[in-house]
Amino acid sequence: MTRETRKPPLTGGCQCGAVRYALYAPPHNVHICHCRMCQKAVGGPFAALAPVRHTDFAWTRGTPATFASSSLALRDFCRDCGTPLSFRYLDSETCSVTIGSLDCPQEVRPETQYGVESRIDWLDGVNALPRKVMESEMPATRKAKRVGYQHPDHDTGPDWRPPHAPPR
Ligand SMILES: [Zn+2]
Ligand SMILES: [Zn+2]
């Protein structure tokens, strides 16, 4: 692999930080997919996916594990923490990263819904549910013990380690 020198407009990675990636062009046809395979793959009601051409994508730290969810498609995820990272058809020029694994998911807005035959109907009511802030809901006793092990939302150097990991 040649060393990448382009500055990526978008970066992302898994929850533990073992796998990081970069997009070197803005994604196109950003979408959510309600299909049953995407529901299983992300463990949620739908997958939110940002496609880019393979030539505009690179893994920049670590190597993901890969599951073939059908004879047509592969899904990459972190073997250490399980974060779903990408979806790609074997015969496509693009791969799609999961919007939630991007460092700036707010900046990548879906334009289309796919797999609507499997759409979960309670999604219609989600916007009307009561809204609560995480911090205010956490009991003080739990808050006092909390230490985050999640990788920060930006690239880190080769010396970065999760706070609980022994130094190398
Ligand atoms: Zn990970
Ligand atoms: Zn799908």
Side-chain angles (χ1 to χ4, degrees), residues 1 4 8 10-23 26-54 56-124 126 134 146-168:
M1 188 193 289
E4 186 60 63
L10 291 170
T11 54
C14 67
Q15 189 167 23
C16 79
V19 181
R20 297 282 300 166
Y21 63 78
L23 312 187
H28 55 89
N29 188 31
V30 178
H31 61 275
I32 62 176
C33 184
H34 299 280
C35 87
R36 187 65 190 127
M37 284 199 177
C38 282
Q39 289 172 355
K40 276 283 187 184
V42 302
F46 56 81
L49 296 166
V52 287
R53 298 172 72 87
H54 286 297
D56 292 319
F57 174 84
W59 301 108
T60 55
R61 181 195 285 168
T63 304
T66 302
F67 174 65
S69 53
S70 75
S71 57
L72 301 177
L74 302 174
R75 294 173 190 266
D76 302 303
F77 60 96
C78 176
R79 73 183 75 243
D80 293 337
C81 70
T83 303
L85 293 169
S86 84
F87 168 85
R88 50 198 165 100
Y89 281 112
L90 289 165
D91 62 357
S92 174
E93 292 183 342
T94 66
C95 64
S96 299
V97 299
T98 50
I99 293 178
S101 70
L102 285 164
D103 292 331
C104 302
Q106 294 270 21
E107 293 177 12
V108 179
R109 188 175 289 262
E111 303 161 2
T112 311
Q113 303 181 63
Y114 291 104
V116 292
E117 68 282 358
S118 303
R119 191 177 185 279
I120 293 175
D121 61 8
W122 55 247
L123 280 171
D124 289 341
V126 165
M134 184 71 84
R146 185 182 186 280
V147 179
Y149 297 143
Q150 180 163 298
H151 186 274
D153 280 335
H154 55 79
D155 281 336
T156 50
D159 295 332
W160 186 85
R161 296 285 174 278
H164 63 298
R168 284 204 295 227

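Residue indices begin at 1 and follow the sequence shown. Order of appearance sets the numbers: ligands from 1, and atoms from 1 within every ligand. Any value given below was found using the heavy atoms of this structure, including those in side chains, with hydrogens, waters and symmetry copies removed.
At the Zn ion (ligand 1), the angle from SG in Cys14 to SG in Cys81 is 110° when rounded to 10°. The Zn ion (ligand 1) lies at the vertex of an angle of 110° between the SG atom of Cys78 and the SG atom of Cys16 (rounded to 10°). Remark: at the Zn ion (ligand 2), atom SG from Cys33 and atom SG from Cys35 enclose 110°, rounded to the nearest 10 degrees.
When the shell of 6.0 Å around CD of Glu117 is examined, it contains more than 12 heavy atoms from other residues, nucleotides or ligands.
Side chains of Ser101 and Tyr21: a donor-acceptor N/O pair is present below 3.5 angstrom, by distance only.
A donor-acceptor pair is defined here as one N or O able to donate and one able to accept, closer than 3.5 Å; such a pair exists between the side chain of Thr60 and the backbone of Arg20. Remark: the backbone N or O of Ala47 is not paired with any side-chain donor or acceptor of Gln39 at under 3.5 angstrom.
For Cys38, the nearest N, O or S atom to the Zn ion (ligand 2) falls under 2.8 Å.
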